[in-house]
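Since the structure comes first, as structure tokens, the remarks are kept for the end.
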Amino acid sequence: MSAVTVFGLCAAAAVGLGLYGLITNPQPLRKIIAFNLLGSGVFLLFGVIGRRGAAAGVGNDPVPQALVITGVVVAFSATALAIALLLRLFQKAGSTTLSNGALPSAGSDPPSG
Amino acid sequence: MTDFLTAAVGFILVMLALGLVSILRGPGDTDRMMAAQLIGTGGIATLLLLGTVTGVPAAVDVALTLALLATFASIAFVKKGLSSLDGTGPAEDK
Amino acid sequence: MSLVRDITTIAAVSAGAFFFLAGTVGLLRFPDTLTRLHALTKADNLGLGLVVFGLLPQAGSLRDGLKLVSIWLLGLLAGATVSQLIARSARQGETTK
Amino acid sequence: MSVATVFEIVLAAVVLGLGIWTTAVRETYSATVGFIAYGLLVALIWVRLDAVDVALTEAAIGGGLGGVLLLGAAARLRNAELVATEAPGKVTRVSAAALSILIAAALAGAVLMLPDSVSTLAPTVVAHTWATGLTNPITNVLMAFRAMDTMLEKVVLLLAIVGVWSLAPDSAWGGHPGPRHQTDPHGVLAFLARLLPPVGIVVGIYILWTGANHPGGAFQGGAILASMWLLAIMAGLTDTPPVSSRRLRFILIAGPGLFLIVGLGGLWFGAAFLAYPPALAKPLILGIEIAMILTIATTLGLLLAGAPERSAER
């Protein structure tokens, strides 16, 4: 098994872990972290497969690398927006639960507050 | 030479992992702050050795970036930890 | 000449790795925050410093060498500042409890 | 088994362990710290995969700015955790685990059974290096061959900042993001915040400049500049600008704006949208990158600062 394959398996496991965390973790912030974990696994898969495209002068296929860089930036923007939404929800409702009516304060608060 | 440096990089990485284990389960906030610092330093050392081993000179640039950003992250971490301890600053919102 | 350089590298990097070991053992075994912080700063300053010193003979050019040294200086600055802030926070935690 | 493979297995195991820690640990704060460590070690994997440009981005985002963003949120939401901890039922957990294992196994299978024939654009990219005069193939792809993607990525950053700002309460509309930090002006933090930014600015510009021919670029440099700015803000040396400031808004649109103008110029003078005339390709690309590093640094800094919270002084 080559070194690159080890990282490929690691990336596959990161995707699985991220997906599991995204579904089962009740706290939104943990969901955001899990989503980032999933994303980084996908990016790593790009890198592992792009390693096969090494050519003269480049150790890794530059096209997937550029895609991943763009992807990292977009993922960061999405995370920042998600966290801003979450903080605002916390400010407004006093909790960060996503389930409807689990807390009396979340259910009875008028939406215009 | 390469073999020696590769062994060194693996050794430091294991030390880093052990340090992380001890710190992440550590009881207090200060222990977790130390984790940030240890990861920064150990990561930089690993990166420098790795760059020499694999013949990627640009790894030094990554280490330089990391040195700056790890400093920033550690400071932000400690500052947030401090403010949640004494109740002034970002943690105290209302 | 290259033998001297290689020996320097091996000696310094080994010493650096030893300080990382010492720092980690300290983190695992020392009883309280301030002593653990003491162990951590050894890994920070000496561990990284010796690794950088060991890699200097292997650096391709003067510019790479300068970059290595500046990384260590940045590490020193960060380590000093962060450990002082951590120590202060540990003191505060003690007095408020 | 060679020494190199042992190192890679250790690295993969540590990264995986941190991933498990991040998913499984009870406390959100610890999970965040675990994720920062994870991001940093992933940067090591990228160096090992010979993708140094991505490693730089990952070090800047995974280990630095993204970590601070998550930490800030975790610190603020610490009290909220005590209330909302309704875990999903056992059926959900088991089926989620089954689904995740299935997908991970499928991906692992795909990695293990990659076809022998490699389809890659790398030789094409290398062969067309002459067209721009830059020798870093990734910068070539980002700024010339797929410049459209990069331009739209900057627009995404802009949209994200618009989204974050629009979450401000009415009273703070157009005001300063984040709290005003107060620290001892002669303390150690203020000292560091005076000493480090000059160094950081030099390194940030260096990373931008070297990006033409070696790994680096506007985004990585911009992330460093943003972190230095935020350090000065955290030390209380300066304040976040009010988001209604015209100068700030001009900086925010300068990068994508210049990109768009150059793109339309390509349509007017040249063959297609974003087609650079070969003689001017290098200066045009560098010009766009210089405008973009300012925009990126400001945008990243403001994304971390969050929604406006204090109204601007009138």
Side-chain angles (χ1 to χ4, degrees), chain B residues 1 4-5 7-23 26-31 33-38 40-42 44-49 51-53 55 57 60-61 63-68 70-75 77-79 81-87, chain C residues 2 5-6 9-10 13-14 16-29 32-34 36-37 39-41 43-45 47-52 54-55 58-61 63-64 67-68 70-75 77-79 81-90 92-93 96:
Chain B
M1 194 67 212
F4 165 75
L5 286 178
V9 91
F11 180 77
I12 291 180
L13 194 62
V14 172
M15 290 300 116
L16 191 63
L18 283 177
L20 271 180
V21 169
S22 85
I23 289 173
D29 279 351
T30 45
D31 295 306
M33 293 175 197
M34 283 190 236
Q37 183 59 25
L38 177 76
T41 319
I44 291 164
T46 320
L47 205 50
L48 289 175
L49 289 167
T52 314
V53 169
V60 179
D61 288 349
L64 201 55
T65 308
L66 208 57
L68 281 166
T71 312
F72 167 65
S74 309
I75 297 287
F77 193 29
V78 175
K79 186 130 201 306
L82 279 177
S83 57
S84 65
L85 267 181
D86 58 25
Chain C
S2 97
R5 276 194 275 164
D6 282 4
T9 302
I10 290 178
V13 172
S14 306
F18 168 75
F19 277 105
F20 272 101
L21 171 72
T24 306
V25 171
L27 282 174
L28 283 166
R29 303 295 305 164
D32 63 81
T33 304
L34 289 180
R36 280 201 289 264
L37 193 61
L40 173 72
T41 48
D44 262 5
N45 299 344
L48 184 61
L50 285 166
V51 167
V52 163
L55 289 178
Q58 310 289 328
S61 62
R63 199 176 67 162
D64 284 356
K67 269 194 251 177
L68 282 172
S70 56
I71 287 171
W72 180 53
L73 290 177
L74 280 176
L77 188 62
T81 315
V82 170
S83 41
Q84 193 181 346
L85 287 171
I86 293 177
R88 192 186 294 166
S89 121
Q92 268 177 9
T96 48

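Any value given below was found using the heavy atoms of this structure, including those in side chains, with hydrogens, waters and symmetry copies removed.
Interface remark: C/L55 contributes side-chain atoms only to the contact with chain B (heavy atom separation under 4.5 Å). B/I12 touches chain C through its side chain: at least one heavy atom from C-beta onward sits under 4.5 Å away, while N, CA, C and O do not. For a residue to count as touching a neighbouring chain, one of its non-hydrogen atoms must lie under 4.5 Å from one of that chain's; by this rule C/T9 touches chain B with backbone and side chain alike. Heavy atoms closer than 4.5 Å to chain B are found nowhere in C/S83, neither backbone nor side chain. Heavy atoms closer than 4.5 Å to chain C are found nowhere in B/L66, neither backbone nor side chain.
Of the residues considered (C/V25, C/T81, C/L37), C/L37 shows the highest number of contacts with chain B, using heavy-atom pairs under 4.5 Å. Most heavy-atom pairs under 4.5 Å with chain B, from the set C/V51, C/V52, C/L21: that is C/L21. Of the residues considered (C/L68, C/D64, C/L48, C/T41), C/L48 shows the highest number of contacts with chain B, using heavy-atom pairs under 4.5 Å.
For the pair C/L74/B/L64, a side-chain contact is recorded, criterion being any heavy-atom separation below 4.5 Å from C-beta on. Within the 4.5 Å cutoff, side-chain heavy atoms of B/I75 are placed close to those of C/L85. Residues C/D6 and B/F4 are not in side-chain contact: their nearest non-hydrogen atoms beyond the backbone lie 4.5 Å or more apart.
Within the model, atoms OG of B/S74 and CD1 of C/I86 stand 7.5 Å from one another, a figure rounded to the nearest 0.5 Å. Rounded to the nearest 0.5 Å, atoms CG (C/L40) and CG (B/L38) are 6.0 Å apart.
With sequence neighbours excluded, the residues that form a side chain to side chain contact (heavy atoms under 4.5 Å, CB included) with B/A63 are B/I44, B/L47, B/L48, C/I71.
In this structure, C/F20 and B/A45 approach most closely via the heavy-atom pair CZ-CB, 3.7 Å. Among all heavy-atom pairs drawn from B/G19 and C/T24, the shortest one is N-CG2, 3.5 Å. The two residues B/T41 and C/A43 have their closest heavy-atom pair at CG2-O, 4.1 Å.
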